[in-house]
Structure formats: C-alpha cells, structure tokens
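Just so we're clear, the structure is a prediction, and the values are computed from it rather than from any experiment. In what follows, chains carry the letters A, B, and so on, assigned in the order in which the sequence lines appear, proteins first and then strands, with residues in each chain numbered from 1. Just so you know, these numbers use all the heavy atoms, side chains as well, and skip hydrogens, waters and symmetry mates.
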Amino acid sequence: MDPIYKPEEIEPEAQAAWAGARAFAAREDAGGEKYYCLCMLPYPSGKLHMGHVRNYTIGDVISRYQRMRGRNVLQPMGWDAFGLPAENAAIANGVPPGRWTRDNIDYMRKQLKALGFGIDWSREVATCDPDYYRWNQWLFLKMLEKGLVYQKTGTVNWDPVDQTVLANEQVIDGRGWRTGAPVEKRAIPMYYMRITAYADELLAALDDLPGWPERVKTMQANWIGKSEGVRIAFPYALDNHDDKLWVFTTRADTLMGVTFVAIAAEHPLAQRLAEGRADIAAFVEKCRTGGATEAELATQEKEGVPTGFHVAHPLTGEPVEVWIGNYVLMGYGEGAVMGVPGHDERDFLFAHKYGLPIKQVVAAGDAAYDADNWQPWYSDKYGVVTVNSGKYDGLNYQQATDAIAADLAAAGCGEKRVQYRLRDWGISRQRYWGCPIPIIHCERCGEVPVPEDELPVVLPEDLVSDGSGNPLAKSDEFMHCECPRCGGAARRETDTMDTFVDSSWYYMRYTSPDADSMVDARAHYWLPVDQYIGGIEHAILHLLYSRFWTRVMRDLGLLTIDEPFTNLLTQGMVLNQIYFRRSDSGRITYYNPAEVDVRDGQAVLIADGEPVESGGLGAMSKSKNNGVDPQTLIDRYGADTVRLFTMFAAPPEQTLEWSEAGVEGAARFLKRLYRMVAEHVAQGQTAALLPDKLGTAARELRRQTHATIAKVGDDIGRRYTFKTAIAAIMELLNAVGRFEPKSEQDHAVVAEALDAAVLMLAPIVPHVCHRLWQALGHADAVIDVPWPDADAAALKRDELEIVVQVNGKLRGRIAVAASAGRGEVEAAALAEENVQRFVGGKPVRKVIVVPGKLVNVVV
RNA sequence: GCGAAAGUGGCGGAACUGGUAGACGCGCUGGUUUUAGGUGCCAGUGGGGCGCUCCCCCGUGAGAGUUCGAGUCUCUCCUUUCGCACCA
C-alpha cells in the first residue's frame, strides 16, 4: 500500500466502483425498511455553492449511515429549474433561459458526482420539463374544479417606466432596479390557491410532527396566526343607502374605548370617500407609492387622513370618525380596524399624532392611567377589568368579550369569528420562465380551462426577454389558440406559476419519475419522506406550501398521507468574510476573500497591497462576492476533505464560518489516518482478537474503541451532531497513535480500532474509506458492510473516577470500584484530603451522591 | 414594525436529562526531524494569584432570581442573525 494519500486517484476509482455496481439505484423490492432521504433541490444558477455542498453532504452522510444500518435508501436529486435568474441571464447575455438552465444543470450534475454523493440519478427531475410541469397544470385544473383555485385582484410592484411587474427583490429602496423609477402598487387579477381552507388542519397537525424543530413549528403556527375575536359592524348611511363598515378585533372588550375607525387606502369605502375630495384622493394616491412588502408597510411612518365621514358606534350609536390609515392592511381581516388609543399602542401613537381623544376603558388594580405616556399594561388582556364602559364595567377580558359579542349579535352588528393571518396563495407571476397557467381567454366564453387532453401547455423555450413585459405576450405562436368551448379565436394566459408550486411536490415525482400519471403506486411505498434537509430560510413558505399541496393531493385520492416530511433538519447558512472598497462617488466594490490578505490585522488586496474595508461575516452570496468555489477545493484537496470540513466545522443547524485553515486541518487528518492504516498494514497479517488475553493498555484501547462506536452511532444516527462524532473518532485515532503495540494481541486491538474508525468514517469520507477498507484486508466494499455494534463486555470498567464538591465547588477526585455502594463512595469522598480541608470540621448538613459521577458535600 | 433563533478562550465549537466549563479542531508558543522553507513528530496554551506536578480566586453578552449545585431553568435588558407572502 502506497503510504501517501492521493485523493485524485482514490476518488475517481471509488466513484467508478459505485457506478459500476449501480450501488445507489433504489428499488422498491430491495427488502429492508425503506428510508427516503431528501435534500432540497438546487436552483441551477451555474455552479454549486458551499450551501449546496453542506446540504448534500449532510444528506449523503445520513443516507450512507442508514444504508449501513440495513435500510432500503432512496436519495434522489433534481432541479428547481424555473425562476427569475434565468430570465436575468437571458437579458444580460441574450441566451434563451432554457439553454442557460440546461447548461447549468449539466455542469452542476458533474460537480455533484465529483463530490461522491450516493444519488439515484435514474430518478432525476427538472421542473422545467414538460413531463414534470404538466402535472402542475393538471392539479391546478383539478383544484379549479373543486373551488380550491379562484381569481381575485392582488397587489404587485409596478415599474411605471418599464411597464413591468417587479419582484420584491427587484425593488431597491423603493425604486425599480433597472429604471430607478419610484415603484407603485398596482392591483391586477391573479389566481389564488385556497390554502386558508386548510388553515386549521395545517395548524393542528403541527402537534403531530415530533420530528420537526420546535422553532419551525412555532414560526408556522405564528404565520398561520389563528386568532379568536369578534367581527364588528359600524353602521352608516351614504348616498341614501344604509351600509355597515366591518372591522375585526381580538379586543372586543375595549369596544367602549373606540374613538375612531381606520380603513386601508384600498378599502372600497376609502375609494368612494375620495371621490370629489382632493385631500383624501391625494392621500389614497400617496399610499400607492412604495413597495408592497409587509416589512415596508409595518416600518413606515404611521400616517392617516380624516375623512369627516362618520359611522355609528354599534352599541351607543354615537358618531365615530372614519380615517384612512397607511398602516391598515387590506389583505388582513376586513381591511379596517377600530381605533382604541387607550389600549393599543399603535392607535395610541396615531391618536397623539393627530390629536384624537384617548379613553381609558380597562384598569389594572390601582395603577394610574396617564394618557400622555404609554405603559405596557394598557394593552394587557389578563389581570385587568373594564371601566368607563357603562353596563360592561367590572368584567374581565373573557366576560367583557362575551357580553359585548352577545349584544352585538342581538343588534345584528357582530359575531364571534376565528381569523387567520394566513392569506390565500397568489400563484400568478407576470413572467416568462415558469409553468404556464393552463387557462384560455375567450372574448365570448371568458376564462376557459385548457382541457385535460391538451396538457401540457408547453412553454416555448427559445424566447429572449428584453426586460420590459413578458415575452410570452409577444409570441404569437404561444398566444394565439382556439377556445376549447366555442372554437373561436382566443388567447392564452401569459402568467406563469410561482416557482413554489414546482417545489411543492417534486419529492413525490422522484418516487415515480416516469409515471404517466402525477404519481403512481411507488409513491405509496416511499412517501412520506423520512428525512428532509434544507435551509432554515424555507422554514415557512416552502414547507407550508408543501404541507398544503400534500393535503390537496390526498383529498383528490392521489395519496394516503397527511404530512410529506416526517423529520426535518434545517441547516444553517455558510458564512465568509466580506471585504469592500467605497469609491468617491459612494459606489461599493466587493472583493472575494481569496483576493485579500490580512497583515497585522489590516486587510489588504493582494493585487495592489492597498487596504480594503472589512464588512464582517455574512452569508456567502454573489452580491457580496464572498463565495468559495467548491470546485477549486475539490481540485486542490479532494472531495473527502471538503466533506469532512463541512461536517466538522459546525453543527448542521448552526451557521458555518468558512475557514481555509480548517480545510487544511481536515486534509491533515485524512493524511494522518491514511498513514496510520498504511503503517499498520505494513506490519503484515494480524492475529484473531482474543478479548480475554489483553494487557491493561490494550484493554483500555479496546474499551475506547467500543465506547466510540456507541457514541458515534448515537451522534450520527440520533443526534445529528456530526462534529462530535468526528471528534470522538479523532480521539480514538489519537489513542491508537499513543498506543505502542508489543504483542500479536496488541496488533489485533489496533486492527479492531482501525476497522471501526474506517467504518464509522465511511458515511462522511466515503472515497478514502473505500480504499482503506480494502487495504485493511476486507473483500466486501465498505458501502455494503453493516454499521459496527459496540461490545457491552468491552465497555465495562473496574474503577470509576468520582468528582467531589463541597458546597457545589469542585474540591477533589476519588477513584472508587465500579461496584462500590453509596455509603462506600460517600465515605471515600469525605476522607479525601482537600475535601477535609474545606469541610474544616463544620457539621455536614447533607451529602448528595450522583451515582458514578459526583458527590456534593453541603456544610 | 411583527415573528423566530443565537450569544461560551485568540477563532470554530463541546458540555445530550440542572452535576468536572472549554472535548475535538484551528491558531499561537517552545522543542525536534529536514540543506532550507513547507510537511511530519513532541510538549504547552481561558484570565489572574501562589510557596508553581500541589492549591486558591475569577470566568459562559449584562443584571436579577430559583437550587445543595446554573452555560443549561425563570424574569428584565443588550447585541447579532434569519423570515415577513413576487429571490429561491
């Protein structure tokens, strides 16, 4: 065996062996319990980035470990191939998005293969293939039939110069990214999926997901945002017509404190009141500027305009003025809120700004109410009682809400209502590179669904966008069609679907990639996914949409499962240093950390030796130019080193800081491992291990080998703390390095330790372990060897070290026989010299004994 | 603004159920092999004190609390990161 580690020879050889054996092609009839390990599919942006490498390494380690545990493993891969970047690349380079995307896929597939991932490539799926997205269209039509898809107007960002809808990402500081024009909000018709019909189930089922991180479940629950409250009507008369303004509130108990009502600028009543009132119209118009994101709406200065129009308080009949407020969201509740400045902080600030009356209607004991300074208890629901509320005085939150709701119901002015923050899913995108929405617009028949037998509506792949509008609308071939109902000339819908539609069910298609239905019986075998792994940034949207989509398919009889993902692992981001320079004009240029050298704490650009500014750590991204190209690393160190570093640098759920020195360390470890095996093998055949014939040092090494097997199995199999697993194997190898074998049996113990280390490292660094396993004299390929079991007999210890504390502070250590009883341990602890010093003759009040670990003497 | 997390040596991190804080790795220091650099190997490495193989004090973002015992639990605060529905 060549004692020098040469990954450039070992890795292609191992990969060829796996490919030749079709080792990772999953079969439904292979026997063993199935294990579906899924990683979030990549967007084919060009090259793999370190986030991908991290994600897929975690998945591959789990897959290979489960395979060694005897599971029938499926680990597929595909491409989230529709999306904005392909269109941007098309605009920049004039290359059609289809070609750009497929070229990227080819390159990235090669990279995934070079990293040695055990992927079943026969099941590969790209969401831009008509064979895939036809089922998006098919399910869309089924949902339309069932009323789960409907049309209504939605708000988008509008670039008035390019006459184009902009994604939030394309709005920079309130302006269009290409034109710099101030962005406006615009209402357009869109298709929506009725996810709110499943709100209750999606919320309740979170309790049945023990394999999901708590924080993801909490975020989803908050996103769904179930709140129980009261829908209240404020009657009014306008244009000789009686009507009611509805609001939703969770604080009906404060209804007697209402001093105004605020409505959204898009509210129909606001539109009506703006007629003939220049000031109101101007405010409504002003609310149209700026972006449409919730963060933007929530952080902007709260502004409003009085309308002079009054509605009636539903219980007292007193007039209440209607205001239009930029902070009222049309998309939530009724698009109108009641203003209770006494007990809502936002209303309080609004009332102070515009001099509106503030009325205290809830009191907390004797606490004084100061209408000039907000105090947190003003908005407390509990521990307070109503005051200044007439017949409702003296009630707690629940009593007041019940009483007021009952009176409102009797007056026909309200009812209790469960409200969700979750909104229906708008899936229409005014973009080219996406799945066409299968609708035909006919002047006579209106919106007509494309008949099932005409699916898929194929997206032309050769169009090049010029940045303004949707190129589909300019393609006669795509646009012009016959109305399926009347046969007359008609035009196709040019909107495409949100790419979240594509990613809501790709993992189902992997189970039956060649089926001539959406999925077939194989889906019942593989689903649900046993382990899903992906970025924390998907904690809400993608995962919630997938859970919704699964239920829709279930209710259409396509699936029998409720939840798509049994266990979820959310991986942290990969960070790197950010360096930049600011030009005189304020323009920022970012420099890749590879081009920067840090000398005496000052970062300088290697090219010119001049300083650059440090922007601290940030997620690797194109915009900050702080990415590391995995390919360079693979070329330089080999795939195993890259895999080892990403698994060792940080626990999977935390952020990972890039460190070139850390990669060097990983490479060093593999070289050392390789040399240790080579040196051991050079000593020739080892004798069979006889556990009863070992000396003390050999027995201790063997104990450590088996303790490590137990720990690593738990760390990789249950805890997913890969770093501590690797650390334990490093410790074992350090112990092997210190151990000086003097007999045949000593060599046998070393052989056992090295065998175990290679098996345990095989999921993480599979190529080198493939080679080392052969070198250690085994005929089977390491991927086909079962995971080792710890020998309980080897773990036994004769003597234990016990820590002794006095009053909780560490004062000594004692060695006791493993069989020693409580009294014996206690006596030995009290006898310890340093312990005696600290007890110092004071009476011992209490002795706490934690068996096998610790004694605490309380004096 | 709302929602969710995270703060431990010079650095990444460990400490799983409230029980030895700092495993493992990086970096650094000293020694050693080598013609030299690199590599490799050996030793040391939280801060401070001391009579220096002993032992003591301090120490897990800040402050308080519960407990025999708190990095871990509770409360308040600070900072950072992620998500906020058209980036994927």
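Scored by the ring pair (Phe, Tyr, Trp, His ring centres under 6.0 Å) test, A:Tyr432 finds no partners at all (sequence neighbours excluded). Every residue two or more places apart in sequence or in another chain that forms a side chain to side chain contact (heavy atoms under 4.5 Å, CB included) with A:Val165 is listed here: A:Val156, A:Trp158, A:Gln430. Residues passing the ring pair (Phe, Tyr, Trp, His ring centres under 6.0 Å) test with A:Trp425 are A:Tyr545, sequence neighbours excluded. In terms of the side chain to side chain contact (heavy atoms under 4.5 Å, CB included) criterion, A:Ala298 has no residue partners (sequence neighbours excluded). Listed by chain and residue number, A:Tyr191, A:Ile437, A:Ile439, A:His441, A:Asp495 satisfy the side chain to side chain contact (heavy atoms under 4.5 Å, CB included) test with A:Glu493 (two or more places apart in sequence, or in another chain). Residues satisfying the side chain to side chain contact (heavy atoms under 4.5 Å, CB included) criterion with A:Met730, sequence neighbours excluded, are A:Phe648, A:Phe669, A:Ile726.
At a threshold of 4.0 angstrom between heavy atoms, the contacts of A:Lys622 with the nucleic acid are absent. No engagement by A:Tyr327 is indicated, since no non-hydrogen atom pair under 4.0 Å with the nucleic acid exists. Using a 4.0 Å heavy-atom cutoff across all strands shown, A:Met497 reaches no nucleic acid atom at all. Contacts of A:Phe722 with the nucleic acid, taken as non-hydrogen atoms under 4.0 Å apart, are absent. Within the nucleic acid shown, A:Val847 has no heavy atom closer than 4.0 Å to any nucleic acid atom. Contact annotation for A:Pro651: backbone-only contact, meaning every heavy-atom pair under 4.0 Å involves sugar-phosphate atoms and none involves a base.
Annotation: A:Phe350 is in aromatic contact with A:Tyr327 [ring centroid separation under 6.0 Å]. Taking the six-membered ring where the residue is Trp, the centroids of A:Tyr132 and A:Tyr506 are separated by 6.0 Å or more. Taking the six-membered ring for Trp and the full ring otherwise, A:Tyr198 and A:Trp549 have centroids separated by 6.0 Å or more.
A salt bridge (charged side-chain N to carboxylate O under 4.0 Å, His left out) check over residues 850-859 of chain A, counting only residues at least two apart or in different chains, returns nothing. Residue pairs satisfying the salt bridge (charged side-chain N to carboxylate O under 4.0 Å, His left out) criterion with at least one member in residues 662-671 of chain A, sequence neighbours excluded, are absent.
Between A:Glu826 and A:Arg822 a salt bridge is recorded (basic side-chain N to carboxylate O distance below 4.0 Å). Salt-bridge annotation for A:Lys353 and A:Glu301: present, with a side-chain N of the basic residue lying under 4.0 Å from a carboxylate O of the acidic one.
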Once pairs are restricted to Watson-Crick or G-U wobble with both distances under 3.5 Å, how does RNA chain B read as a dot-bracket string, [ ] for crossings and | for other-strand pairs?
(((((((..(((......[....)))((((((.......))))))((((.....))))..(((((..]....))))))))))))....
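Rounded to a whole Å, the CD1 atom of A:Ile726 is 14 Å from the P atom of B:G13. Between the C1' atom of B:A14 and the CG atom of A:Asp715 lies a distance of 11 Å, rounded to the nearest Å. For A:Arg719 and B:C24, the CZ to C1' distance is 13 Å, given to the nearest whole Å. A:Met647 places its CE atom 18 Å from the P atom of B:G25, with the value rounded to the nearest Å. Remark: C1' of B:C24 and CZ of A:Phe669 are 10 Å apart, rounded to the nearest angstrom. One interatomic measurement links the two molecules: CG of A:Leu733 to P of B:A23, which rounds to 18 Å at whole-angstrom precision. Counting to the nearest Å, the P atom of B:G19 and the CD1 atom of A:Ile814 are 19 Å from each other. Whole-Å rounding puts the A:Asn734 CG to B:A23 C1' distance at 11 Å.
Annotation: A:Gln163, atom CD; neighbour count of heavy atoms from other residues, nucleotides and ligands within 6.0 Å is above 12.
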Just by protein heavy atoms under 4.0 Å, how would nucleotides 68-85 of chain B read 5' to 3' in B, S and -?
B-------------SSBB
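Judged by a 6.0 Å distance limit and a 45° cone about the ring axis, A:Arg675 is not positioned over the six-membered ring of A:Tyr5.
A close approach under 4.0 Å does not occur between any side-chain nitrogen or oxygen of A:Thr724 and OP1 or OP2 of B:A14.
Of the C1' atoms belonging to B:C41 and B:C73, the separation is 47 Å, rounded to the nearest Å.
Here B:C56 is the nucleotide among B:C56, B:G12, B:G27 with the atom lying nearest to any side-chain atom of A:Asn834. Comparing B:U20, B:C24, B:A23 by their nearest atom to the side chain of A:Arg813 picks out B:U20. For A:Ala727, counting side-chain heavy atoms from C-beta on, the closest listed nucleotide (B:C87, B:C41, B:A23) is B:A23.
Checked by atom type, the side-chain pair A:Asp715/A:Thr724 shows a donor-acceptor distance below 3.5 Å.
Each of A:Tyr43 and A:Glu345 was assigned the nucleotide of RNA chain B with the nearest heavy atom; the assignment lying further toward the 5' end belongs to A:Glu345. Along RNA chain B, the nucleotide nearest to A:Arg811 and the one nearest to A:Gln170 differ in position, and the one closer to the 5' end is contacted by A:Arg811.
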Could you write out each protein N or O paired with an N or O of nucleotides 58-60 of chain B at a distance under 3.5 Å?
from  : atom 1 : to       : atom 2 : distance (Å)
B:C58 : OP2    : A:Lys809 : NZ     : 3.3

Output a table of nitrogen or oxygen pairs between the protein and nucleotides 45-49 of chain B separated by less than 3.5 Å.
none

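Put simply, the side chain of A:Glu664 and the base of B:C26 share no donor and acceptor less than 3.5 Å apart. Checked by distance alone, A:Arg718 brings a side-chain donor or acceptor within 3.5 Å of a matching partner on the base of B:C16. A:Arg668 contributes no side-chain N or O that forms a donor-acceptor pair with the base of B:U39 under 3.5 Å.
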